[in-house]
Amino acid sequence: MVMFKVARVETKPYDGQKPGTSGLRKKVKVFMQAHYLENFVQATFNALSAEKVRGATLVVSGDGRYYSKEAVQVICGVTMVHRPFEGFKGGVLEAAILALDRCFEGFDREGLGPGELSLRLGPAFFRDSRACGLRGVSPVDCRVFMTLVDALSSWKGASFLIIIKMGAANGVRRIWVGQNTLLSTPAVSAVIRERVGSDGSKASGAFILTASHNPGGPHEDFGIKYNMENGGPAPEGITDRIFENTKTIKEYLIAEDLPDVDISAIGITSFSGPEGQFDVDVFDSATDYVKLMKSIFDFESIRKLLSSPKFTFCYDALHGVAGAYAKRIFVEELGAQESSLLNCVPKEDFGGGHPDPNLTYAKELVARMGLGKSSSEVEPPEFGAAADGDADRNMILGKRFFVTPSDSVAIIAANAVQAIPYFSGGLKGVARSMPTSAALDVVAKHLNLKFFEVPTGWKFFGNLMDAGLCSVCGEESFGTGSDHIREKDGIWAVLAWLSILAYKNKDNLNGEKLETVEGIVRQHWATYGRHYYTRYDYENVDAVAAKELMAYLVKLQSDLTEVNNFALAWPVESVGLDFSGDLLIKGVRSDVSNVVEADEFEYKDPVDGSISKHQGIRYLFEDGSRLVFRLSGTGSEGATIRLYIEQYEKDPTKIGRDSQDALAPLVDVALKLSKMQEFTGRSAPTVIT
Ligand code: G6P
Ligand code: ZN
């Protein structure tokens with residue numbers, strides 16, 4: 001057994017290592033600073049009690065984004081051909097060669113003259129090298145090259161290797177790694193809860209390397225978060241402690257001489273350290289997760305649905321980690337055609353795209369489903385879905401039809417008991433985040449279920465689930481899930497929808513026409529009423545301006561009469577005479593009801609009594625409409641303002657409108673009320689969902 005020693009490395013605190021809604025997310029170049037990641041990992045170890053670390057089994061994996069693996073692997077398999085670099089002078093050149101030498105054993109220097117560097121790169125490199133920003137850039141510019149050199153020289157030990165080495169030095173007994181460092185966030189949760197090691201061991205926590213739906217690559221985002229033994233994100237008590245520790249950290253422990261482990265090969269490698277044996281167990285990323293899914297859903301009935309010639313299916317992983325599961329589940333287990341998988345090869349830069357499953361970013365799927373601007377001649381599939389980078393989010397689409405996430409969770413809850421074996425004994429309760437529409441509330445009321453409204457962030461559902469109070473939950477931000485794990489689960493949501501479709505069509509698979517996604521949603525609206533819903537995102541707004549806007553909205557709440565008189569007056573464009581000759585501007589607009597209540601959402605956790613303040617600003621209208629304003633907790637630059645707009649319509653003759661049309665008056669009021677343009681300088685949102 002190879003021995004290792006423990007080194008104590010001196011370090012200094014970095015500012016701003018406060019974990020957000022879901023861990024620490026920053027630009028890759030921030031993470032690349034010396035000791036940056038090490039500080040955060042040591043701060044996390046120090047925040048956990050000693051027995052949670054010493055002798056523990058921890059999972060380390062993620063969505064495989066850039067900087068997760070050794071940077072060298074970005075360019076492994078490169079066939080070398082000559083490619084001249086320009087603009088390199090003496091010292092830089094030498095540093096570059098040195099770095100390359102260190103990273104590529106046997107790097108071929110042939111053809112290198114003073115003042116010039118010929119890197120030998122082949123077509124495979126240029127295809128795979130968008131992560132390095134090199135694609136289409138010829139000659140490659142110096143800045144880009146230096147990023148590459150930096151990545152290669154200082155990050156031979158990539159993040160997961162550093163965590164393994166720090167785990168060893170901190171007395172951890174075993175580290176479990178998904179093959180090639182890939183595990184979706186829901187799979188990590190499942191592995192913590194379900195996986196048993198060959199020696200009977202169980203994991204007590206995980207470092208998840210992901211920035212979720214944020215883009216990846218050297219100029220994009222990296223992230224890290226810690227999950228606890230229940231499989232859910234660390235609670236605020238722990239993340240606050242981590243943050244405090246990052247402010248005072250002076251040293252970290254690392255097993256510097258621990259040899260790198262080959263994470264592409266399944267198997268256990270054992271080492272020997274001052275505290276005894278240390279194992280790195282590389283295992284298949286999908287096995288445990290697939291097993292769990294099979295215990296929840298009736299795969300046979302979904303298989304029948306997928307084999308019906310009338311049912312067509314399409315899944316887009318946006319080059320995120322969901323691709324590592326899609327083929328196994330949809331193709332191998334459920335019999336879908338391989339051609340129904342789009343972008344299902346996980347990539348470090350998500351193919352240069354933004355791995356967020358919504359109508360703006362999942363362009364290819366949206367077009368295929370007949371929702372794009374240009375209508376395609378090919379008949380769209382009956383069902384389409386997409387996932388984000390770490391596969392916890394989902395978007396559900398029908399043929400030329402978008403299912404808003406707030407409706408999705410309500411529809412799953414309404415059908416779960418009949419359609420999904422895991423819930424056949426009934427639902428313990430349901431929950432949604434505050435900005436999510438009240439569609440779920442109506443279902444809960446009809447079915448007489450316990451109901452909870454929690455702040456944004458999946459961790460709030462975890463407490464309810466641990467206490468046996470909640471079975472199904474969801475968020476407007478494309479997150480849906482259940483108490484099978486403690487994270488939202490993108491593939492679970494797809495399987496839930498396929499189960500509902502299979503159930504609704506069980507006697508109909510040979511009939512004339514299948515019940516469709518759209519049919520199920522419209523039927524739901526007819527039964528429960530419809531919550532028109534939209535979200536406007538203003539991304540990367542100046543942080544000070546965003547804070548001022550929020551403060552202004554809080555201040556406004558003290559005088560609702562003033563709010564009603566000002567924001568609810570007719571829009572200036574419609575000033576003019578109506579049929580009776582009255583000036584329209586004089587009155588309060590009649591297409592929106594009055595604001596009757598406004599507050600800043602505050603939550604008292606019914607399980608542990610903890611209080612979360614400042615969770616979003618709400619304006620509630622007499623007819624049940626709502627406007628909610630929130631600052632995003634997941635961005636990595638500037639501030640993102642989210643505006644959530646909702647209107648309830650019970651009248652069955654009025655539930656079929658286009659949602660943007662139906663909500664236009666409320667949108668108008670929201671923009672005026674918040675002085676959005678005045679504060680942010682933005683005349684339009686970055687994304688509308
Ligand atoms: C992450 C969390 C979700 C949350 C979302 C909110 O995805 O896991 O639970 O809804 O962030 O993001 P935001 O950017 O609105 O804070
Ligand atoms: Zn995610």
Side-chain angles (χ1 to χ4, degrees), residues 19-25 62-65 183-189 208-216 221 223-225 227 231-236 239 317-318 320-322 346 350 354-358 361-362 386-395 405-406 409 431-436 453-465 473-481 485-493 535-541 546 550 601 603 612 614-617 628-644 685-687 689:
T21 319
S22 295
L24 183 68
R25 289 184 193 167
D63 60 16
R65 69 180 51 230
L183 277 178
S184 73
T185 295
V188 171
S189 191
I208 310 185
L209 308 179
T210 175
S212 187
H213 50 283
N214 294 2
D221 287 7
I224 178 168
K225 71 170 184 167
N227 275 29
E236 240 150 48
T239 52
L318 296 173
V321 71
F350 308 109
H354 191 143
D356 201 1
N358 59 40
Y361 295 130
D388 72 332
D390 64 333
D392 56 355
R393 293 187 171 193
N394 74 91
M395 174 169 71
S406 299
V409 61
R432 65 162 170 84
S433 68
M434 183 276 280
T436 305
E453 182 182 34
V454 308
T456 295
W458 204 262
K459 58 189 169 208
F460 295 100
F461 297 126
N463 261 5
L464 299 173
M465 290 172 173
C473 54
E475 297 184 281
E476 49 66 40
S477 54
F478 295 83
T480 330
I485 52 170
R486 295 295 178 270
E487 291 278 4
K488 54 186 173 283
D489 191 340
I491 289 184
W492 176 92
R535 184 176 105 179
Y536 279 34
D537 294 337
Y538 297 81
E539 291 175 358
N540 211 348
V541 167
M550 296 300 278
F601 183 61
Y603 176 68
S612 305
H614 311 297
Q615 296 297 321
I617 296 163
V628 174
F629 297 84
R630 240 191 99 242
L631 291 184
S632 154
T634 60
S636 61
E637 253 183 354
T640 293
I641 302 170
R642 303 206 194 285
L643 161 58
Y644 311 81
T686 326
V687 177
T689 43

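On a predicted model such as this, the values are computed, not experimentally measured, just so you know. Counting convention: from 1, in listed order, for ligands and their atoms alike.
Between the side chain of Ser477 and the backbone N or O of Gly479 there is no donor-acceptor pair closer than 3.5 Å. A side-chain donor-acceptor contact under 3.5 Å links Arg65 to the backbone of Pro215. With hydrogens and angles disregarded, no donor-acceptor distance shorter than 3.5 Å links the side chain of Thr480 to the backbone of Gly474. When atom types are taken as modelled, the side chain of Glu475 and the backbone of Gly457 share a donor-acceptor pair closer than 3.5 angstrom. Although no hydrogens or angles enter the test, the distance criterion places no donor-acceptor pair under 3.5 Å between the side chain of Arg535 and the main chain of Asp537.
How far CG of Asp388 is from CG of Asp390: 4.5 Å, rounded to the nearest 0.5 Å.
For Ser477, every heavy-atom contact with ligand 1 shorter than 4.0 Å involves the side chain, none the backbone.
For Leu631, no nitrogen or oxygen atom sits less than 3.5 Å from a nitrogen or oxygen atom of ligand 1, counting backbone and side chain alike. The shortest N/O to N/O separation between Arg25 and ligand 1 does not fall below 3.5 Å. Residue Lys488 has at least one nitrogen or oxygen atom sitting less than 3.5 Å from a nitrogen or oxygen atom of ligand 1, judged on distance alone. Ligand 1 has a nitrogen or oxygen under 3.5 angstrom from a nitrogen or oxygen of Glu475.
Less than 2.8 Å away from the Zn ion (ligand 2), the protein contributes these N/O/S atoms: Ser212 OG, Asp388 OD2, Asp390 OD1, Asp392 OD1.
Taking 4.0 Å as the cut-off between side-chain N and carboxylate O, Glu236 and Lys459 count as a salt-bridged pair.
For the pair Glu476 and ligand 1, no heavy-atom separation below 4.0 Å is found. Taking 4.0 Å as the cut-off, Gly457 counts as a neighbour of ligand 1 on heavy-atom distance.
Between the side chains of Arg642 and Tyr536, no donor-acceptor pair is found at a separation under 3.5 Å.
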